[in-house]
Every structure is written in structure tokens, then in C-alpha cells.
2 protein chains.
Amino acid sequence: MDPKSWRGPALRRQSTQPAAQAAVACRQRSPRAPWHCPREERASGETQPCRPAGCIKPDGAGQPEPEPFPGEAGRGSGVPSQYGLSVFLAGLLLMFAWAVHAAGLHKSHLLSYLITLMLVQLLWMLWYICRSYTQRRLIQEKDTHAGARWLRGITLFAVITLILDSFKIGYFIGFSNCLSATEGIFPVTHAVHTLLQVYFLWCHAKDIIQSFKTLERFGVIHSVFTNLLLWTNGVLTESKHQLNEHKERLITLGFGNITIVLDDHAPQCNCSTTTLCSIFSQGIYYLYPFNIEYHILASTMLYVLWKNIGRKVEHHQQHKIPFKFHGITIGTIFGLTVLTSTIAIVVVYLIQIGRSKIKSELALTMFYIYAISVLTLMCTAGIVALLIYRLENRSLDNSKNPARKLDADLLVGTASGSWLLSWGSILAIICAQDHPKYTWYNLPYSILVIIEKYIQNLFIIESIHREQEKVNDDIKTLRIVTISRENTLSLTPSFKEIYNGTVDADSGELPYLFNGNVCVRESSSNGGLEEDRSQVFSPVIHSTSDFSLYSSNSVANNKRRILKNIAAFLFLCNLSLWIPPAFGCRPVYDNGLEEIVFGFEPWIIVVNLAMPFSIFYRMHSAASLFEVSCKT
Amino acid sequence: MDPKSWRGPALRRQSTQPAAQAAVACRQRSPRAPWHCPREERASGETQPCRPAGCIKPDGAGQPEPEPFPGEAGRGSGVPSQYGLSVFLAGLLLMFAWAVHAAGLHKSHLLSYLITLMLVQLLWMLWYICRSYTQRRLIQEKDTHAGARWLRGITLFAVITLILDSFKIGYFIGFSNCLSATEGIFPVTHAVHTLLQVYFLWCHAKDIIQSFKTLERFGVIHSVFTNLLLWTNGVLTESKHQLNEHKERLITLGFGNITIVLDDHAPQCNCSTTTLCSIFSQGIYYLYPFNIEYHILASTMLYVLWKNIGRKVEHHQQHKIPFKFHGITIGTIFGLTVLTSTIAIVVVYLIQIGRSKIKSELALTMFYIYAISVLTLMCTAGIVALLIYRLENRSLDNSKNPARKLDADLLVGTASGSWLLSWGSILAIICAQDHPKYTWYNLPYSILVIIEKYIQNLFIIESIHREQEKVNDDIKTLRIVTISRENTLSLTPSFKEIYNGTVDADSGELPYLFNGNVCVRESSSNGGLEEDRSQVFSPVIHSTSDFSLYSSNSVANNKRRILKNIAAFLFLCNLSLWIPPAFGCRPVYDNGLEEIVFGFEPWIIVVNLAMPFSIFYRMHSAASLFEVSCKT
């Protein structure tokens, strides 16, 4: 009886000790070590510490081994998460109070609160880094999925955030006579916080913390919510600025009948060096979008770290697939065309809008027509990709994985923000009494925004669940190799080695090596298997199907190339569509129809709540699509 | 090949084969039936259909069996959840538009939308019920955790909802001259919807749908969001009513300086039978709180049904523990005292508030002092319970379970609503320039609300994770029985039978039968096991420890009784604290301090957003505590 012939559920990839073996080992061990932890249990993905409850002592008394950390996983998580929520809610309320000009509350109170939170996080990160150096054995496991691609994006945004901080310091020095000290301390603390946090994320974002220390849990959740609050703070400042600009435009256009009060927090004294100050105050608002993205990305990475605490990972090491430009030329060219034209459109829009009624309407019309064509292209690309997937009908990898689950949830969750705005626009068009011509473009635009995100989400979610590909390919390669070697079922040692996972673990390129020589067949998983099996038992059929195998392979390669190009195109399109709302090109404000139907204030509230999520959606889906483009 | 030898995902129930056995079976089977589904895979709790991919054919060709539903779990969930979200967001926007009096939008539009949603859900439920009668084999599995206790609560609330619907129909008949037809159709549809939905929940809430039919997924998510929208609609109507009452009080108290516009949707014609109409319109608002709870509970139950689709359950069958009044007399008496005095306080409050400035202040002071004392009692009880748990230090059950996870998430999530309000009050007290005497009571009250929910959540979360108790106790009983029988390690057949799970599955009372005779020892799991083991090997120690076993047992029984009483007390307290905000006793409105600090409109927005969650928290925690009280 060969134990290798049975392969456990989680051991599909490269495990060499199957369940039966473990169970047998469990039964055969000496009484001094009667409890053995079968691998399946560890790999099941539960947060439970590995306890061999299934292993019964051979003498029949059946005492389960006590857990190493009795129930800490369940018991421990309630305290820190409630603490984190309290910190977050208190911060939210402070911001809200500041935003509505609550009596007796100043910006310095809010900033002091944020500074305190950052300092606490700094201390914790220092403690964690020091501790992980001294006690390396504690964190042995790494989650390879956790934000591998985002680290570079975060670093870029962090660098721009540092520039923003230096601008803020310069601004504070200029107005130091009438600004409170906290306005100077805040950017300094923020810069130090940013530096250390980026270092922390590079070194420890993939950690899987196994010790159930309360301090670790508190620290991680504190970091998550500190970054979320800093994100909210950035969003709030940015929204206030955008709203002020919008109000100024309305005043220029002569809408004096709406009660417009500028919500300006400008200092009450003169700047010592006027030119520099105006550069700083202007520049700050162009840098804010990056700061905002930095904090939300950091908090998602920290959240994955939090979800990974005490987790058991399945040990199929992910391949580090380098980004290759080769093979995605068409997608990239189309994408870059969209990107450059978007920048051009945004510049024209920002120059034209609010100048006069006619210029504003022209700018809006231009933007809508442009956005409609881009969205149509994106929808088409997405539908083509989904059709290819449907035709392939490959099985998906549904194993537990916090990073991937968060990805999917965030996509749908943040898309809701933009769906809300689009539904609002649609409702406004339906309900409005009179429709200026340009507002009609808003209808297809809003509908397309909804449909495009719907399709794109389906595409990304399906793509990030298609990771088994490599294994399937390897098995298929092997099988075809076997068939091609004149239908012998015996494997030479080198092929056995390949089969046992050496290829799998070390290089993903070996299948391609075979590609040229032996005509790998890469059709759909199920159908392919059925056919392969029939070929094994019917050599006559096989010998005539060499050509069909080759053509099938080239079809699959073509499909993959199309998918890669689509992902690259969508990646650049999403990056493009991030730019307009992030830099102040917001037709939901300027369109005017929604404000008339819903009323000025209600609609502004909806926009200010939904817009940050809508903007983050674009950046997040761009990051996901980049990953998809690399993996495909 | 015998198709019956492969066991599909829905056949898990009767299987008793452990892993090693299964693996051996897998290896030993004839080539005609080489694929067997190992138990680990079934019990892992993943949403993946049980696929024997790990079972390699013994002939070495190594072809994994194709999945029955290739990757449907991952692929299928994206489409319906996005559909559900879209339906929900569109509904939310309609309600928002109605609430802010959007131009061109009438209540009939909103009602038509809700009626359509309900009709679609009705059709789906009918289809599902018919289908489950014709194809019974498809749904064999049940999740015993899914809302077992809530069904009765839901039925009660549904009955009151039906009364509400009949009131609404009466109201419509009275004002039929000037009300649109939708206002009559809505309550009729709603009544039919309520009847069928309650029947559906009674029969199918525990279903674990294993077929990945798109129609099933769409139907379940549609039902979840329809109920959520009906909940939102109820909350909105109730909030408008409360706000109007508050504004009327302010007008009475002479706060004419605040721009108060009554948001009244009263019909523009006279009622045909004035007395009846006034009874109906008055009565409706006393019945709304129950309608609101009905919909939120229904949507959580449907959400559990959604999360259970395609799930693999672990088969430790839950005991159906009937509610027993015995042993919780003290807790119940204290709880009932709180309940009756709360009702009295609310009645006095509602009579006094808004009459005059002095009467209002007295009513507020009375409410605060009363609430402070109740919350202090609840905190103390919670701390005692947590201390008992800490001393026991028993391991927790961390297995995957959607119903339980939702319970814990909802507790923390909905508590956030009330925490937000409390932080708001605290901030207002800190920032306010002058403090009338009665506002000082608000500070300890708000702090206590935060702390009490914090402690209570910890208690409930820990309690619902302590389910292994019964099994552990049975094992312990057995072990002590073994020891007492003069330290023989051989078990008589009857005891073996008990050990093998007969006790476990059929009656939970057998251990108590032993209680009297053999002195069951019930100390903490880990320590207990260690000692038991040492006793097995050292009979001398055992024979002297009979008394300590007995006293330890009575200590454990006392602890359990205390916990039961605390849970019963907290259950009644939470039910009590649900009453004031649900029936219009809302000091966050009447206190006035927050409105001065934050401004009238901003604070009203915060209250209207946070209050529904705060109210639901009390009902939800009451349901959870009832369960805890039964289980302990």
C-alpha cells in the first residue's frame, strides 16, 4: 500500500506527507509522543491553534491534548477590536465636530489627537521591530499574498507624502505668528511616522504573528485605525477644499440665490514670505490625493496583518512573477493613449469650468463624451475577458486567504460609493423638470459607470481566484509528455521529479521549455482531463491528434495574450479615471442637476461621503489589475 | 464504476469514518471506485464543494476527479451580491430623496419600488418552497446554529407587524380621497409578504443550500436587501416622527430662534371617520418599533442563509436545550424589577418632557440617575461574569460558523452606533461653554454606556464560543466514573457506549444522573485533564481526593448558577433599555447640549444615523443573552 497515492485536500501542491501517513504515524508513535498534528488540520486555514484533537491515544483513553493557547484566538480578538473602534469613532466625531464648526472645538484639538495616535503607533512599531530582531523564532511564517504588489505603490505615495509634509512645515513657518504649535508639530510627526511605517510595512507586512500577545493585537489594530483616521482627515481637508472651489465657481456664475458661505480656514495673519506661502498652499492640494491613497493602502495592508494573526497558512509558496512588458504592447498603447488624453481633458476641464455658463457647459459635454467612450471601451474589454473565462470554464481556487478576500470585498464595497452617486444622477435626470442639453449625456455616463464597475469587479474577482493554473499546467505537461513518449505509462526519474513538485516550487518556466518540444496541450481543465484519459487508453486516437494539440496550445496562448492585454489596458484606464475626481474634475458638483433636484446641502453630503470611496476604488482596482496582468 | 461509491457534498451526514480509515479505504478500493471524499476535507468548513481532487487513481496516472461544480462558489458569489447591493443603493437613494423632499419625487414612487421588491421576493419564496417539496434530496443539511432562538421573537414581531399593516389599511380607507393607491397596496402586499416570509423562515432558515443555482443565490440576496430596505424605510418613518415630536416640544419650550420646520406628511383631506383615523395614526407609531425589529431580524436570518450556501458543516449536533426558569430566580427578579421601573420611568418621562423647562429638566435628571444606576449594575454583573470565565480558563470553540460570527460582528458593529452618540455627548460636555446642572449627569451616563457595551460584548462573545462544555463534561464524567470503579482502565460495554457518543447525541441529562452517584469533577478543562491523567496512574492520590472532587463540583455548579443568573439579568436589562429609545424617550434630543455645540442639523443627522443601530443593539444583545442563559 503506497501512502503517496492518496493526496490530502490541502496538500495538492508539493506536500510529501499525505494524510494517511500522518494518521498512521499518529497510531504508530510511542506513548511518549502520542499526539501528532496532522498536516491537514494545520493547513485548514482556521484561526485555531493546531490541536491534535483528532488523534486518539493508542491506549484508548482518548484524552485530547490541551491547546497551546487555550482559546486565545476567540477570546483575544474582542478586546483590541473594540478598542480600535472606540479610537476611530472618537476621532471621527472630532473631525465631524471640526467640520461643522462645533462651538469650543479648534483644529488644534483634532491635530493633538492625531499626533497622540501617531506617537503611540510609532512607539509600538519600534517595540515590534526590536522584538522581532531579538526573538526571530516567533515569526517564522509569512503570507506571500499580503500586499506584495502594493509595497512599491505605497513607497511612491509615501515619498510624495513626505514632500507634502515639508510643504506643510514651510507653510507653518510662513504663518507661524498666527498658527497654533500643533500645526507645526503635526507634519513633523507625520513625516517620522511615514518613514517608520513604510520601513515597517516592507519588513513586516507579510508576518503571520503566532504568539497571542495582547500588545501585538492592540498595536496592529491601533495602526489600522490610526491610518484610517489619517485617511479620513485627508479626505475631509480635500473635500472642504473642493467644496470651496465649487462654491467660488457658483459665485462666479452668478448663482447668488443659493446661500453660499465659504468654509475657509485661512490664517488670520500675513505670511512672512508671500510667494513661498502661496506655492505651498497651492501645492498642498495637488499632493493631497497621493497622501490619501497612501493612508488607505497602508491601513488595508495593516488590516491584512491583523487578519493574519494566528492564521495557519497553506504552504504553496507563491511564485514571484516579475512584471514583463513583453506581450502586452497593444493593451499598453491603448491604455497610455487613454491616460494622456485623460490628463489633457482634465486640464482643459479645470481651465474652462466656472469661467462662464457656456464654457462650463462645453467643458461638461466634453468630459461626458470622453468618459462615455472610455467606459464603453472598458466594458467591451471586460466582456471579452469574461467570455474567455466562461469558455475556459476552469475551476477556481477557493481556499481561505485574508488578503484576497479583502481585495474582493474592497472592490465591491468601494464601488458602492460610485454606484450611489450614479443612481443619484439617474434619479435626478428622471425627476428633473427641465433638462439642459448637456445633462442628457449624464444618463449614459452614469449607467455606464455602474455597468463598467460591475463587469470589472467580476473580471478581477475571477482572475484573482485563478491561481491553480500552474499546477494544472504542470500536470498536463507531464501527461502529454507521457503520451508523446509512445504511450508508455512508466515515468523516467526526471519526469517523476517534475511531477513531485520540483518544477512547481523552483521555476515556473519549465512548462514553457516543454512548449516548444512536445506540444503542451492547454485546453480547459475538465474537458482536457477527460480527453487525456481517453487518450491514455486509446493510443490510436492519440497518434492522429498531434496537430490538434498544437493548435489547441496556440489558441490557449492567444487567449492568455488577450487576457494580459485586457488587464494592462484596464489597469491604465483605471489609473486614468482616478485622476479626474482626485484632482478636482467632479461633474457631480458642476452638473447642477442633482443639486437642483436633491437640494444643495443634501447632495453635497452624499457626494462628500461617497466620493472618497469612489476615488479609492479606481486606485485599488488598478493595483488589482496590475497583479492580474502579471499573473495571467 | 459505481457512482454511489463517491460521496458528494450533500451526503456528509451519515459518515462516521475517520481520516486514516478514509485514506486507507481510498487506497484499498477497487479501481472501479477509486475516489472517496476524506473527512478532513468535509469538515474543514471551506465553501468549496467536496471534491476528491486529492484522491489519485491507484494506477499511477494521477488524474484528479473533475469538480462537480467547477469553482462555482467563487465565481457565483460576485454577481448576486453586486445585484443585491445595487438594489439596496437605489432604494436608499429613493428614500434619501424622499426624506430631503427632492423635487419631482413622491412617496408613491418609493412605495412602488418597495412593492415591486416584495412581489419579486414573494415569487421567489413560492418557487423555493415548491422546489424544496418536489426535490427534497437537494437540501438535506441544516445549520442548527442558524437563528434557532430568534424564530419565536420574529414571529411575535411579525404578528405585531400584521396589526400595524391593518392599521395602515384602515388609515388608508379613512383618507382614501387624497391618498395615492400605492398607500393602500403597500400594507396589503406587506401583510402577505410578512406571512409568507415567516413561514419561509420557520421551514427554511436553517437550510444549507448545496446546489449552486444562480436563481437561489439571487433570491436569497434579494430577500436580504429587501428586508434591509424595509427596515430602513421603517427607521426613516420613525425618525421623522420622533424629530417632529422633538420640534413640537422645542416650539412649546419657546425655542423659536431655531429654524424649525415641521416635516409633516399629513394627508390634505379630512378623514371619513375621524376617531378611528386618529387611533390608527397614533397607534401606528407605537407599533413601528416592532416592525423595525422584525425586518432587521429577518434580514440577519436570511443573511445567515446566504452565508451558508455551499458550506460544509462540522457535525457536532447541537443539543436542543429548552429554556428552564429553574435556577435563575434571583437574576429574573432583579431583571423584572428593572423592566417594570423602566416602563414607569419612560411613561413619566414622556408625560413630563416638553411641558415646561423645569419639568423637562426634572424628567432628564430622573432618567439619567435611573439609567446610571441600571448601567452600573449591568457593568458589575458583566465584570463578575468575565472574572468567573477568566478563573475557569477553559478553551474556546473557534470553529467556523457563519451564524456565530455574524452574532459577534453585529454586536460590535451595532454598538458603534451608540458609542458614536456617547462620544458626541462627552465631547459636547467638554466643549460646552455653560453647563446647566442636569447636563452633568450626562457625562457619567455616556461613559457608562460605552463601558457597559464593551463589557457585555466581551461576555457574550466569550459565552457563545463556549459550546464544547457538554462534550468535555461527558468525557470528564466518564473518566471519573472509570477512576471510581476501583481504578480499572477497562470499560464496561455500557460506558463504552456512552463514550462513543450516545450520551452526546441523545440526551444531555445522563451526566447529571451520574452527578449524584459518583461525584463528577468539573474543574477547568486543561488543569482537570492533567490531574485526571495523573490520577489514573496514581491510585493512592485518587482515593484521598474524593472530597475535593465533590467540593470542586459544587463550586463549579455555583459558578454556573451565577453565570445563568447574570445572563438572565442582563437579558431583561437589555430588553428594558430597548424600550426608551424605541418609544421616543431620547435624551440625546432633549438634553440640548449637543445641539448647541454641534449645531441643530448636524447633531440631528448624527442621531438619526446612529440611533437605529443603537436600538437594534439592545434587541440583538437580548436575543444573544437569552441564548447564553439557556446554554450555560
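Chain letters run A, B, ... following the sequence lines, proteins first, then strands; residues in each count from 1. Since the model is a prediction, treat every value here as computed from it, not as a measurement.
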#### Entry: Trace of the side chain to side chain contact (heavy atoms under 4.5 Å, CB included) decision for A:V100 with B:E601
CA-CA 10 Å; A:V100 301; B:E601 288 214 333; over 6 Å; no
### Query
With B:S422, which residues qualify under side-chain contact (heavy atoms from CB on, under 4.5 Å), at least two apart?
B:S446, B:V449, B:I450
### Query
Highest number of heavy-atom pairs under 4.5 Å with chain A: which of B:G424, B:G413, B:A408, B:A428?
B:G424
### Counterpart residues, side-chain contact (heavy atoms from CB on, under 4.5 Å), relative to A:I605 (two or more places apart)
A:L609, B:I605
### Query
Does any heavy atom of chain B fall under 4.5 Å from the side chain of A:L420, the backbone, both, or neither of them?
both
### Message
I'd like to verify something: which residue of B:I596, B:L105, B:I430 has the highest number of heavy-atom pairs under 4.5 Å with chain A?
### Response
B:L105
### Message
As an exercise: rank B:L427, B:L411, B:V412, B:I426 by heavy-atom pairs under 4.5 Å with chain A and give me the winner.
### Response
B:L427
### Task
Anything in residues 88-96 of chain A with a heavy-atom distance to chain B below 4.5 Å? Please list those residues in order.
A:L89, A:A90, A:L93, A:L94, A:F96
### Residue list, ring-ring contact (aromatic ring centres under 6.0 Å, His included) with A:W603, at least two apart or on another chain
A:F598
## Note on the structure
Scanning both residues in full, the closest heavy-atom pair of A:W419 with B:Q82 reads CH2-OE1, 3.0 Å
### Query
So how far is it from A:S86 OG to B:I451 CD1, rounded to the nearest 0.5 Å?
10.0 Å
### Query
For B:A103 and A:C431, which heavy atoms make the closest approach, and how far apart are they?
O-CB, 3.5 Å
